[in-house]
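Shown next, in structure tokens, is the structure this report addresses.
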Amino acid sequence: MRYLNLGCGNHFHPDWVNIDFQSTGTDVIAHDLRKPIPFADDTFDAVYHSHLLEHFSRSQAKPFLQECLRVLRPGGVLRVVVPDLEQIAREYLRILEETENGSEKTAHDYDWILLEMYDQAVRHQSGGDMAKYLSKDQIPNEDYVIKRFGYEGQTLIENLKGKNLEDSQNQAISENTDEAALAIGHFRLGGEVHQWMYDGYSLRRLLRESGFNDVKVNDPSESRILNFSNYYLDVLENGQIRKPDSLFVEASKPNSVIDSWIFETGNSQEILKTIQIVTYDIQGGAARSAYRLHQGLRLIGQDSLMLTRYRKSEDQFVCSASDLSSVDVLSDEYSLYAEIQPNYIDNNRTDLSNTLFSYPYPAIDLANVEQVKQADILNLHWVAWFQSAKTIASLLALGKPIVWTLHDMAAFTGGCHYSARCHQYQTDCSKCPQLKADKHDLPALILEDKLKNLSPYSNLTIVTPSKWLAECARKSSLFQNNRIEVIPYGLDTEVFKPIPKEIAKRQLDLPSDSIVLLFGADSNGEKRKGFELLFKALCQCFENSLVQQKLQEGQIRILNFGYGCSSLDSLGLPITSLGHITSDKELSYIYSASNVLLLPSLEDNLPNLMLEAMSCGTPVFAFSTGGMKSFIKDKKTGSLVPLEDIFSFSEAILDILLDPEKYLRMGLKARSEIEENNSLKHQANLYTELYLDLLNNYQKSDMHKQQESERSIYSKSSGLRDVAIEAGRIALLKERQLTHDLRQEVIDAQIKLQQAKETLQQTQTHLQQTQADLQQTQTHLQQTQADLQQTRADLQQTRADLQQVQTAIVNMEMSKFWQMRKIWILVKTSIREKFFKSD
């Protein structure tokens, strides 16, 4: 179950998903609830909000409730708690009348009830006049206020008493009208004030208008939400109502599935009312097989319904237990499952097998479902984690024939779905070889629980799809005295039909002349599927020189479907992985494109893919074991080789690779066999004959046996609880180790953080020094630039002075004085030269 609490404030439960406008704790998601709720459609089984809706305006309320409707699952419950306008109004009128009649005692109550009516809608600041009233040193009618306001009122009084709550905000801005208006507007849009009030009539009407049905007013302690009282949201642990002034209303999301999930036939004895009970409807091989039976029964005019734990299809005649309000989940078993399945089983498996080993609890009691009571026949299928010995016994106690169609061995073992060739289920399932440590002998306890609950009843008939599984059931300690019939699976031969190989290969982008080998499973890694042996066989046959030539020419292709297998990449072969295929039409193309289906299962019932391939005209190669041994006709519809004989399997593959044409006739024969023995109608008719035979010959078990069975229902619960305690101890040790590891990781992280801080400090110091050096360099640079500027100015002045001197010299040289001086110098020079020569 998944629950959502909106506008939770400080009052929430960690098991719920809690949302508020602001986070008030680690378990609370912050989200603006005026926007769409941040979850997908059909997510929650219940939605709850208390004193939230009145904070939305009338125009916002309906869209918000429609969001609540959207995230609820069909049949889910909405619980709305709001202040009760009618109750407040009636209380106001009562107090008013008493006060006007002179009652001094009620005068103070009048002041309070008036605040309760109006203050939360008209206040202009947080807390309003209510908070001021509650902050008085002496509240004259404290008992009355607590009676009206409950636990929260008492808490508010304790927190506010003695505080001087003045309207300081308004006083501070009273002189500025614009500022006051802005502050009031911000407050009133902030979400604290009430935008509307509701009475029972208006809230019920609004919920119906929003799409809900089954709208009812509840007492505070009443709820359709499973185990709601355990969460102490409306009624506290001490029995005190948290908000006694409230209106408590619940409504449901309409469930279109339930509306159509009904028997439609009249009183005709030829048309039977049957219910197929299975964990899943179309997810997994067993589920698809059960669903095909359901389809076949409706195809031949029988009135079949299907009841599941998990519903994936859109079939109107399929319903899940979560859609029903009449089912009881054995909640005490959830704690057992939560401890045992992961700790005692999943993490405690040997290498013998990795196929599912399931603890058969928790379970859902379906005995009170109306359609179950109406049914002529109940047909159980694969019911792990849905039905247990306890709940099946309650169905048997209804006194009608019950058929249990087995799809694996889990029904009669201590938990393994395939025994890996262990035969302990024939006695007591003690010393299970699939569990490493089994201190409590858990499989033996589980099998004993089945024996004590189911053995007293004679109205249980077993059906198996294969002769192999029937023989296993007959040898089991649980079903050795039950009637056991073999009815093979059916399938829609108009969906799984041969498609010309050229067309099918073109659809898959395969060469038209290629030889295609196909293998696959839901899980390729499951040991019992035998793929490791298949790979060895493939490698052997590919050593042939002719096969190698075909490989080099691209004439051989290998297809695989299902969840991945790591071994494929290492083979070095032309393998195309198609992934997990869910479409029947797509599967029919894959089967039709293939020349052969390789099915190396070491232990299997009656695989759907074998029937589907044969229906598409594709022969099957398999080990001679399980359901394949009696279903495949060797050399006619396929090939059977001795169990685990890799050489023979390799030779069979080699034969089709070298001469594929001769296997086309096998495919045609396989198709003919499926049409004759495995159509939906054929299977449905066989089941109908069995149902009618059981109804005609069945006599109810006597009351003594029923009472004996009812007394034994809880006989072994203590043993299973011991196992849960042991598994819980293992989980606790693992948790402590994990805590120790996490603590060490925290210490290491803290050391690294300290080192990082020291490195950061050193880096910051170095950076500061670098910044100081840079600042000094910048100062020197500025001074140098100033000196350079001055030097440039001096140089410019010097050049100007030099220019003036040069100009003065030129002017001087051109003057008459300078010319006369030149002449005088020349004359003087001439006289001197003459004089010296005369000497």
Side-chain angles (χ1 to χ4, degrees), residues 1-56 60-82 151-152 191 203 207 210-212 214-215 218 220-237 242-243 246 248-255 309-312 320-325 327 329 331 334-335 337-338 342 362 364 385:
M1 294 293 180
R2 199 171 184 205
Y3 297 159
L4 177 64
N5 185 355
L6 300 174
C8 60
N10 293 309
H11 200 73
F12 55 87
H13 195 282
D15 288 350
W16 290 52
V17 176
N18 305 288
I19 298 181
D20 207 342
F21 287 90
Q22 294 180 344
S23 179
T24 55
T26 56
D27 293 311
V28 179
I29 300 170
H31 177 72
D32 187 347
L33 291 171
R34 293 168 296 187
K35 299 178 180 179
I37 298 172
F39 290 97
D41 298 358
D42 306 333
T43 299
F44 296 97
D45 298 282
V47 175
Y48 165 83
H49 46 84
S50 175
H51 285 239
L52 172 66
L53 185 63
E54 67 271 15
H55 294 274
F56 289 93
Q60 294 172 326
K62 186 174 180 180
F64 170 69
L65 290 174
Q66 288 173 334
E67 272 296 291
C68 297
L69 181 75
R70 179 184 65 79
V71 300
L72 269 175
R73 291 177 179 143
V77 178
L78 171 69
R79 183 177 177 89
V80 181
V81 183
V82 293
Y151 166 80
E152 293 196 350
L203 183 55
L207 287 168
S210 301
F212 290 91
D214 198 16
V215 184
N218 288 15
S221 59
E222 295 177 340
S223 179
R224 282 174 270 168
I225 300 173
L226 187 65
N227 298 323
F228 181 76
S229 60
N230 295 341
Y231 301 110
Y232 306 116
L233 294 176
D234 286 335
V235 180
L236 304 180
E237 195 167 1
R242 190 166 69 93
K243 290 179 176 289
S246 301
F248 303 86
V249 177
E250 288 188 353
S252 298
K253 181 174 181 175
N255 193 332
R309 180 158 194 183
Y310 304 104
R311 177 179 184 264
K312 299 294 183 182
S320 71
S322 61
D323 293 322
L324 301 169
S325 59
V327 298
V329 180
S331 56
Y334 272 101
S335 58
Y337 170 81
I364 298 177
W385 306 310

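In what follows, residues are counted from 1 in the order of the sequence shown.
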ask   = Where is the tightest heavy-atom contact between V47 and F44, given as atom of each residue plus distance?
value = CG2-CB, 4.4 Å

request  = Using atom types as modelled and distance alone, determine if a side-chain donor or acceptor of H31 lies under 3.5 Å from a backbone N or O of P36.
outcome  = yes

request  = Taking all heavy atoms of H49 and all of L65, pick out the closest pair and write down the distance.
outcome  = NE2-CD2, 4.1 Å

ask   = Does a side-chain heavy-atom distance below 4.5 Å link D42 with P74?
value = yes

With R34 via side-chain hydrogen bond (donor to acceptor under 3.5 Å, both in side chains) - residues at least two apart = D32

key: Under the ring pair (Phe, Tyr, Trp, His ring centres under 6.0 Å) test, residues paired with F56 that sit two or more places apart   = F64

query = Are T43 and R2 close enough, and set up right, to give a side chain to side chain contact (heavy atoms under 4.5 Å, CB included), and what steps lead you there?
reply = CA-CA 8 Å; T43 299; R2 199 171 184 205; 3.1 Å; yes

query = With Y310, which residues qualify under ring pair (Phe, Tyr, Trp, His ring centres under 6.0 Å), at least two apart?
reply = Y280

query = Between atom CZ of F21 and atom CD1 of I19, what is the distance when rounded to the nearest 0.5 Å?
reply = 10.5 Å

key: L52 CG to L33 CG distance, which is reported to the nearest 0.5 Å   = 6.0 Å

ask   = For F248, which residues count as a ring pair (Phe, Tyr, Trp, His ring centres under 6.0 Å) partner, sequence neighbours excluded?
value = none

query = How long is the gap from NE2 on H11 to NZ on K243, to the nearest 0.5 Å?
reply = 9.0 Å

request  = Just do the side chain to side chain contact (heavy atoms under 4.5 Å, CB included) check on L53 and L203 with the steps written out, would you?
outcome  = CA-CA 10 Å; L53 185 63; L203 183 55; 3.7 Å; yes

ask   = Using the benzene-type ring in the case of Trp, are the ring centres of Y231 and Y48 under 6.0 Å apart?
value = no

query = Which residues pass the side-chain hydrogen bond (donor to acceptor under 3.5 Å, both in side chains) test with Q60, sequence neighbours left out?
reply = S57

query = Between atom CG of L6 and atom CH2 of W16, what is the distance when rounded to the nearest 0.5 Å?
reply = 9.5 Å

task = Output the distance between atom CD1 (I29) and atom CD1 (I37), rounded to the nearest 0.5 Å.
result = 11.5 Å

message = What I'd like to find out is whether the side chain of V82 reaches to under 4.5 Å of the side chain of V249, using heavy atoms alone.
response = no

Residue list, side-chain contact (heavy atoms from CB on, under 4.5 Å) with L69, at least two apart or on another chain = F212, K253, P254

Nearest heavy atoms of Q66 and S210, plus distance in Å = CG-O, 3.5 Å

ask   = Which atoms form the tightest heavy-atom contact between V77 and L72, and what is the distance?
value = O-CD2, 3.6 Å

note = Sequence neighbours excluded, the answer for side-chain hydrogen bond (donor to acceptor under 3.5 Å, both in side chains) partners of S320 is S322, D323

inquiry  = Quick test of your reading: applying salt bridge (Lys or Arg N to Asp or Glu O under 4.0 Å), list the pairs with at least one residue in residues 60-77, sequence neighbours left out, ordered by first then second residue.
reply    = D41-R70, D45-R73, E67-R70

request  = Taking side-chain contact (heavy atoms from CB on, under 4.5 Å) as the test, write out the residues that go with S23, two or more places apart.
outcome  = V28, A30

key: Residues which pass side-chain hydrogen bond (donor to acceptor under 3.5 Å, both in side chains) with N18, listed by chain and number, not counting sequence neighbours   = none

inquiry  = Please list all pairs meeting salt bridge (Lys or Arg N to Asp or Glu O under 4.0 Å) that have one or both residues in residues 6-28, counting only residues at least two apart or in different chains.
reply    = none

request  = Apply side-chain contact (heavy atoms from CB on, under 4.5 Å) to H55 and list each qualifying residue two or more places apart in sequence or on a separate chain.
outcome  = H194

ask   = Quick one: does R79's side chain get under 4.5 Å of N218's, heavy atoms only?
value = yes

ask   = What's the shortest heavy-atom distance between I364 and A321, and which atoms?
value = CD1-CB, 4.0 Å

ask   = Say you draw a straight line from CG of L233 to OH of Y3; how long is it, rounded to the nearest 0.5 Å?
value = 11.0 Å

query = Run the side chain to side chain contact (heavy atoms under 4.5 Å, CB included) check on R224 and D214 step by step: do they pass?
reply = CA-CA 11 Å; R224 282 174 270 168; D214 198 16; 2.8 Å; yes

